[in-house]
Structure formats: structure tokens, C-alpha cells
Amino acid sequence: MLRDIYVGLVDDSFIGKEIKVAGWIDSIRDHGGVLFIDLRDKEGKLQAVLEESENKELYDIAKHFKEESVIAIEGVVRRRPSGTENPKIKSGNVELLIQRIKLLNASETLPFPIDDNVEISEELRLKYRYLDLRRNIMQKAIKTRSKALKITRDFFDENGFYEIETPFLIKSTPEGARDFLVPSRLHPGKFYALPQSPQLFKQILMISGFDRYFQIARCFRDEDLRSDRQPEFTQIDFEMSFVEEEDVMEISEKLLYKLFLELLGIELKTPFKRMPYKEAMEKYGSDKPDTRFGLELVDLTDIFKNTNFNVFKAAIEQKGIIKAIKINTILSRKEIDNLTEYVKGLGAKGLAWGKIENGEFSSPIAKFLTDQEVKAMLSRLEAKNNEMIFFSADKPKNVYKILGNLRLQLGKMLKLIDHSKFEFLWVVDFPMFEYNEEEGRLEAMHHPFTSPKEEDIEMIINILDKNDKEYIINTCESITARAYDIVLNGVEIGGGSIRIHKPDVQKLVFKLLNISDEEADLKFGFLLEALKYGAPPHGGLAFGFDRLMAMMLGFESIRDVIAFPKTQKGTCLLTGAPDVVPEKQLKELHIKTV
RNA sequence: GGAGCAGUAGUUCAGCCGGCCCAGAACGCCGGCCUGUCACGUCGGAGGUCGCGGGUUCGAAUCCCGUCUGCUCCGCCA
């Protein structure tokens with residue numbers, strides 16, 4: 001070994017000992033006659049000292065060493081002179097008296113400082129990721145992530161789960177996200193897909209009788225990126241046999257409890273709150289509400305059902321709704337303008353607002369409203385003096401999107417969010433289906449293997465019998481799925497469901513999704529077949545591990561908890577992926593670029 | 001596919017309603033001084049295709065058009 005101990009672990013007990021250490025020069029200070037070198041490794045820092053009078057030759061060389069160079073030092077640990085202790089570091093009572101130094105690798109001047117307090121552009125951080133990762137905050141993030149994985153593995157092991165790997169090279173299936181494809185050399189014109197999740201395999205494993213499975217699974221989705229979405233990401237994926245919703249939620253809560261306790265010292269209160277999807281949408285305009293603050297949406301549709309105000313009238317005529325958010329401050333004209341721009345970006349035509357000042361309601365739309373309407377509305381909103389109201393009137397989907405996002409924006413703006421809180425919430429009773437207007441067909445809201453509630457199966461059969469588009473659109477929403485999402489501070493950190501375990505129900509659902517028997521056989525035949533041979537009732541959940549870690553560590557983006565993330569355009573600035581490949585490689589794969 | 005923000009010394013930023021800018025600060029870098037600092041101090045110095053291309057103008061970092069890159073968001077993400 002080139003060293004006896006990590007510098008960060010040297011403490012009072014080493015006083016008087018001669019040791020050999022190695023690490024990076026965190027900082028170097030030449031005082032003219034005495035030189036300080038703070039040596040750093042993954043465990044911390046240690047101050048090393050060299051006096052010119054002791055060794056002039058070495059002093060003159062060492063004073064030119066640059067930060068982030070890698071050196072090895074031999075010397076004796078001694079107590080620091082009284083009054084020069086540094087309480088900020090663990091080894092602050094002692095220092096290493098340098099006898100010999102070996103320069104193992106000199107560093108050139110860095111492209112940016114290795115310092116938690118300096119914000120460096122994302123571009124540079126990703127290009128020089130190895131330097132970025134040297135920063136204390138990133139070291140901590142990666143370390144915590146590793147600990148979290150260890151805790152997770154132990155937890156599932158202790159609870160009778162097997163960790164089972166599933167393939168990366170799989171069959172592409174319709175539905176869901178766009179697949180990443182891998183060309184097959186042995187089968188010209190054919191492709192593997194990378195898994196969007198181990199979904200089908202974990203179900204098959206239940207049918208195989210393993211009863212409880214988990215996996216720290218890498219998943220791939222070829223969709224546009226966001227601060228919380230990378231093309232490859234990690235799920236904590238698990239599945240259990242002979243369970244119902246509550247069982248899956250309970251084990252999920254236990255894992256989170258353990259992670260928060262052991263990593264953050266926080267004791268979570270379980271069970272977490274549950275909220276039906278419908279309530280989440282109606283009160284928060286979101287299926288992943290941030291419940292750390294109020295500003296709930298209030299429905300005003302009935303109050304304005306006979307209104308003469310054209311904007312509201314038109315919305316109601318098109319099966320729309322009118323909702324409002326009330327805040328207890330009056331914003332400036334400029335702030336309102338900014339919010340208007342914001343909601344326009346979400347597809348709103350404008351932002352109607354009103355305020356109560358000096359006991360009077362005033363609003364750009366006041367002249368279109370009757371006294372009765374205003375009175376009823378203010379009473380519904382319990383609006384008081386110096387409060388302000390924002391309206392949205394549109395199809396429900398748009399109103400939820402606009403007010404849901406406006407609510408988050410207002411929460412931030414008015415500083416209503418307590419950032420020390422961790423508010424968990426289960427969102428339950430999701431609809432099974434969503435109508436896709438563009439494609440004119442139903443889509444699975446969760447995925448097509450999610451079980452409908454037992455009592456709703458009848459409804460599916462009815463819908464199929466009627467075969468009437470209008471009826472399908474109107475009825476599909478009331479079919480409830482046995483699905484659940486877990487939300488933390490307004491971020492969806494996991495989701496799952498009880499799956500279909502009977503082939504006939506699975507066939508019904510495929511049929512409703514407009515997947516023909518033929519196509520179902522072609523794409524999911526193996527699953528339908530497997531369901532015929534004693535498939536146990538089963539269900540599970542997958543956590544978005546990157547999101548969970550980002551939340552726990554207080555990062556805005558999951559890039560900060562991934563060692564080597566990609567940019568918003570999906571490129572790796574460190575290595576330059578993706579890149580062109582030699583013609584020969586393409587030829588072997590039977591591929592031509594266009 | 002769309003919208004917004006950003007791009008100026010190595011880094012972080014200021015300048016940007018055209019001329020006071022052949023661009024400035026801090027940190028970093030280079031050199032000198034300094035025996036107890038730990039964001040050391042101090043004196044001096046070097047360092048810039050103002051992302052790129054085009055246009056308007058007597059004159060462009062500054063205005064216009066296009067383009068590239070990063071970020072945030074909408075669409076998309078079962």
C-alpha cells in the first residue's frame with residue numbers, strides 16, 4: 001500500500017506516530033518559511049506542515065505544487081500548537097509534520113474550482129465529471145446512494161425477497177414509452193428493445209412461484225428528458241404474490257421508513273396518507289399533489305352555470321369547468337403579468353383574476369359578472385379583505401393543468417413551502433383508462449396489466465358489448481384500477497398495482513385498449529399463455545430510485561445523484577456518446593442510415 | 001415538435017434602451033514578499049475569436065435574422 005491510513009481518519013490517537021499517507025492537495029498555503037498542505041481523500045482532510053528551516057530543498061520544491069495534484073507524504077503526526085486548532089475538520093487537533101513528499105501526479109490548472117460554494121455551469125460539470133464528482137457534495141451524494149442500495153438489498157433480503165436479474169435485451173412491446181432498440185446481428189432486420197421496466201418478467205417470476213422478487217433495475221425510455229427524467233434510470237422494483245394493495249403499500253412504507261431513519265435520521269410516520277385520484281385532481285389539479293401547502297382549488301362551475309360572461313359561458317357549454325385559487329396577498333401588476341405569461345406557456349388563453357381591497361371586489365372581469373355571482377363566489381371562497389383570486393375556465397384537463405401548476409408557482413412565490421418537510425402521500429383509485437383524442441382510442445393509464453377493481457369488470461364487459469365510441473369515452477373514466485402511486489413533496493417517486501392474473505380479464509382489457517386478439521397473441525402471447533397455468537394473484541411497485549435519492553439529498557435534478565448523467569439532448573458530455581460508428585459495424589448489423 | 005432563460009478572461013459574473021468598453025470585477029493563474037494559516041495576507045503581472053454565421057449602422061458585446069450548446073417547462077414520459 002502507498003499509504004497507512006486515510007488522511008480523513010487521522011485523529012488525536014495518532015499523535016507521535018510516523019505515518020505514510022496519500023491524497024489530493026485540497027489547498028496549499030505558503031507563508032514564507034512555513035508551508036501548509038491540506039491533503040484530502042474520500043474520508044476527509046488533514047493539514048500537513050513543512051518548515052523551510054527544517055528542509056529548505058524540499059520546501060522550495062513543494063511550494064510550487066498545485067491544487068488537486070496527487071502526492072504521498074511521510075511524516076509524524078503531532079498536536080497542533082495551542083490556538084491553531086481547526087474545529088471545522090475532524091483531524092483539526094493534529095497535523096502531519098512532513099518528512100518526505102512524493103509527487104505522484106501533478107495536476108494542471110483546473111477548468112473550475114473544486115468547491116461546493118461555487119456554482120459551475122452544467123456543461124462544464126458534465127464534461128469534467130470526474131472533477132465535479134470530487135466535490136464534497138457530490139461525494140456525499142454518491143456515498144449516500146450506495147448506502148441506500150445496501151439498505152434496500154438488506155431490507156428485501158430480510159423480508160424474504162429474492163434479487164433476480166431480468167434481461168436487458170428483450171422484445172419490443174407496444175404501449176408505453178418509446179423503446180431503445182438494439183439491432184440483432186444474427187437476425188437481419190430484427191431488433192431487441194431495452195426494457196422500460198422489468199414489468200413482464202417480474203410477473204412471470206410470480207407465476208414461477210418465487211413469491212417475492214426485487215431488483216435494483218436499470219430502465220430505459222427513449223423520451224424527451226426533464227430534470228427528473230433520464231433516458232436510463234434506476235428503479236427499485238419489487239413484486240409479491242398473494243397480496244392486495246395494502247400489503248404492497250405497507251412493505252413500501254417499511255422500506256422508506258428504514259431508508260429515512262438510517263440515512264437521514266428521520267423517523268417517518270406510517271402509514272402515509274391516502275388520497276383518491278379524483279380528490280387529488282379536484283383539490284390540487286395534479287395526480288401528484290404537493291401537500292406541504294394549501295391553496296386548494298375551489299370549484300365555481302355551478303355558480304356560473306347561467307352566466308353571461310362569455311369566457312365562462314363558452315367553457316361550460318363545452319363541458320368545461322370553472323375553478324379558482326385564492327391567496328391571502330394582493331400581488332403587483334407586474335407579478336400578475338408574470339403569472340399570466342406563465343399560464344400562457346401552459347396553454348391558457350389568459351389569466352382572469354380579482355382582488356378584494358378596501359372591502360371591495362375589483363377585477364378586469366367584474367363588469368361581466370352579476371352581483372349575485374360575485375357574492376356567491378366570494379362566499380364559496382371565503383374571500384376576505386386583501387385577498388386575491390385566480391380563475392380558470394376550460395375543459396377539466398386544462399383547468400387542472402393550469403391551476404395545478406399555478407398553485408405550485410404561487411406556493412413557491414409566496415414561500416408557502418416548508419422545505420424541511422417530507423410529505424408522503426399515496427394516490428389511489430386511478431382510472432384504468434384514458435381516452436387519447438389524437439389516436440381516438442383508450443389507453444391504459446398505468447399499464448395494460450393493471451387489474452381493474454373486481455366490481456368494475458362487469459362494466460368492461462358492458463362497454464365491449466355496446467361498442468359505442470361515445471359511450472366508451474363517457475364510461476371508461478369510472479372504471480377504477482387497482483393502482484397506486486406514491487408521492488413525496490409533489491414528486492411521483494413510485495407506482496404500482498395489483499396485476500391481472502386471469503387470462504380472460506387480460507384479454508378483456510386488451511380488447512378495450514383496441515389491441516386485437518391477433519396482436520395480443522403476437523406481442524403478449526407468452527404472458528397470456530403463462531396466465532393459464534396457475535398464475536397467483538400478485539402485485540408490486542417500483543420506486544424511481546434516482547428521484548427518491550434527489551429528494552432525500554435536497555437536489556432539484558436527478559442528474560446530481562447519478563454519477564454519469566446525460567444532458568437534456570441525451571448526450572454524454574464526458575465521453576461524447578452517442579456517436580457515429582464505422583460503416584463496417586453497421587454492415588454487420590444489417591443497418592443503413594438515412 | 002414548441003416556449004422561455006443563459007452563453008463576455010481558466011471560473012463566477014457585471015456591462016447589453018448602440019459611441020463614455022481597442023470590455024471590467026472577484027476568484028484562479030504567474031512572479032515577489034511574508035514562520036501558524038486553514039476562503040491566509042500583501043505587492044506586481046499575464047490573460048478575452050464578447051458561442052458561431054450573417055445583417056442593420058459612420059460605429060455592434062449591446063439592435064435584427066439564423067444557428068449551435070446547456071438548462072427549465074409544454075407536448076411526450078403505460
Side-chain angles (χ1 to χ4, degrees), chain A residues 26-40 45-54 59 63-64 66-68 80-89 91-92 95 108-128 131 173-179 196-197 199-200 219-231 233 338 341-348 398 401-402 405 408-409 430 432-434 436 438 442-450 481 483 492 495-497 509 513 542 544 556-557 559 566-569 571 573:
Chain A
D26 195 66
S27 78
I28 179 161
R29 300 177 293 284
D30 175 10
H31 280 254
V34 59
L35 183 71
F36 298 102
I37 297 176
D38 290 348
L39 205 57
R40 185 194 73 235
K45 295 180 198 174
L46 174 67
Q47 172 169 284
V49 201
L50 180 61
E51 290 191 18
E52 190 174 22
S53 56
E54 295 279 320
Y59 187 96
K63 73 180 184 186
H64 295 292
K66 288 168 88 155
E67 285 179 7
E68 296 306 314
R80 289 197 189 191
S82 160
T84 64
E85 298 88 353
N86 183 358
K88 286 186 218 159
I89 57 174
S91 64
E95 62 190 6
E108 290 187 10
T109 300
L110 300 164
F112 56 83
I114 311 294
D115 184 345
D116 285 355
N117 302 314
V118 183
E119 284 211 20
I120 307 298
S121 75
E122 197 76 15
E123 213 172 338
L124 271 179
R125 289 181 60 196
L126 295 179
K127 181 175 174 193
Y128 298 97
L131 295 179
T173 51
E175 299 280 314
R178 194 176 293 114
D179 283 325
Q196 298 172 27
S197 84
Q199 184 57 38
L200 289 169
C219 305
F220 306 86
R221 293 178 191 174
D222 190 6
E223 295 292 348
D224 286 359
L225 279 60
R226 289 282 190 286
S227 60
D228 62 351
R229 276 163 33 189
Q230 284 274 308
F233 60 100
N338 286 342
E341 282 310 306
Y342 175 72
V343 296
K344 276 185 179 169
L346 298 169
N398 294 335
K401 178 171 145 193
I402 289 158
N405 281 302
L408 294 176
Q409 196 69 13
F430 279 84
M432 276 287 280
F433 305 104
E434 236 176 347
N436 182 327
E438 273 168 43
L442 291 185
E443 284 180 345
M445 195 152 180
H446 190 61
H447 58 55
F449 319 109
T450 300
E492 183 199 324
S497 62
V509 171
L513 291 172
E556 300 279 330
S557 166
R559 287 188 303 275
K566 303 218 166 23
T567 68
Q568 197 168 40
K569 288 221 171 97
T571 62
L573 295 181

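Hydrogens, waters and symmetry mates are skipped; everything else that's a heavy atom, side chains included, is used. Below, chains carry the letters A, B, ... as their sequence lines are ordered, and counting in each starts from 1.
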Inset, instruction - Determine whether more than 12 heavy atoms belonging to other residues, nucleotides or ligands lie under 6.0 Å from atom NZ of K63(A). - result: yes

Could you give the distance from [atom1] ([X]) to [atom2] ([Y]), rounded to the nearest 0.5 Å?
X       : Y       : atom1 : atom2 : value
L513(A) : M432(A) : CG    : CE    : 7.5 Å
K566(A) : R229(A) : NZ    : CZ    : 16.0 Å
M445(A) : E443(A) : CE    : CD    : 11.0 Å

Check for a donor-acceptor pair, side chain of [X] on one end and backbone N or O of [Y] on the other, with a separation under 3.5 Å.
X       : Y       : result
R80(A)  : E85(A)  : no
Q196(A) : A177(A) : yes
Y59(A)  : E51(A)  : no
S557(A) : S227(A) : yes

Name the pairing partner of [N], where a pair is Watson-Crick or G-U wobble with both distances under 3.5 Å, or state none.
N      : result
U35(B) : none
C63(B) : G55(B)
G44(B) : C30(B)
A3(B)  : U72(B)

Contact class for [X] (heavy atom, under 4.0 Å): base, sugar-phosphate, or nothing?
X       : answer
K401(A) : sugar-phosphate
R80(A)  : base
E119(A) : sugar-phosphate
Q409(A) : nothing
S53(A)  : base
P448(A) : base
S91(A)  : nothing
K88(A)  : sugar-phosphate
Q230(A) : nothing

Whole-Å gap separating [atom2] ([N]) and [atom1] ([X]):
X       : N      : atom1 : atom2 : result
E67(A)  : C27(B) : CD    : C1'   : 11 Å
Q568(A) : G4(B)  : CD    : C1'   : 12 Å
L131(A) : U11(B) : CG    : P     : 13 Å
K63(A)  : C30(B) : NZ    : C1'   : 14 Å
E556(A) : C71(B) : CD    : C1'   : 12 Å
L50(A)  : G36(B) : CG    : P     : 15 Å
E341(A) : C74(B) : CD    : C1'   : 15 Å
I89(A)  : A39(B) : CD1   : P     : 10 Å

For nucleotides [N] and [M], find the distance between their [atom1] atoms and express it as a whole number of Å.
N      : M      : atom1 : answer
G15(B) : A9(B)  : P     : 15 Å
G19(B) : G75(B) : C1'   : 46 Å
A14(B) : C5(B)  : P     : 15 Å
C27(B) : C63(B) : P     : 30 Å
G36(B) : U49(B) : C1'   : 46 Å
G4(B)  : U11(B) : C1'   : 26 Å
U8(B)  : G45(B) : C1'   : 22 Å
C65(B) : A6(B)  : P     : 15 Å

If you go through the side-chain atoms of [X], does one of them form a donor-acceptor pair with the base of [N] closer than 3.5 Å?
X       : N      : result
R29(A)  : U35(B) : no
D30(A)  : C34(B) : yes
R221(A) : C76(B) : no

Choosing from [options], which nucleotide comes nearest the side chain of [X]?
X       : options                : answer
V34(A)  : G31(B), U35(B), C73(B) : U35(B)
H64(A)  : C34(B), G31(B), U37(B) : G31(B)
T84(A)  : U37(B), C76(B), U11(B) : U37(B)
L124(A) : C40(B), G75(B), U12(B) : U12(B)
E51(A)  : U12(B), G36(B), C76(B) : G36(B)
P81(A)  : C76(B), C71(B), G36(B) : G36(B)
Q47(A)  : C77(B), C38(B), U35(B) : C38(B)
E122(A) : G75(B), G36(B), G70(B) : G70(B)
E123(A) : U69(B), G75(B), C77(B) : U69(B)

Legend entry - Side-chain heavy-atom pair E52(A), L35(A) within 4.5 angstrom cut-off: no

Inset, instruction - Carefully, step by step, assess E492(A) and D228(A) under the rule side-chain contact (heavy atoms from CB on, under 4.5 Å). - result: CA-CA 10 Å; E492(A) 183 199 324; D228(A) 62 351; over 6 Å; no

Legend entry - Aro-ring/base stack F36(A)-U37(B), d under 5.5 Å, angle under 30°: yes

Taking only side-chain N and O atoms of [X], does any of them lie within less than 4.0 angstrom of OP1 or OP2 on [N]?
X       : N      : answer
K569(A) : U69(B) : yes
K127(A) : U69(B) : no
S557(A) : C71(B) : no
R559(A) : U72(B) : yes
K66(A)  : C30(B) : yes
R226(A) : C74(B) : yes
T109(A) : C30(B) : no
T567(A) : G70(B) : yes
S121(A) : G7(B)  : no

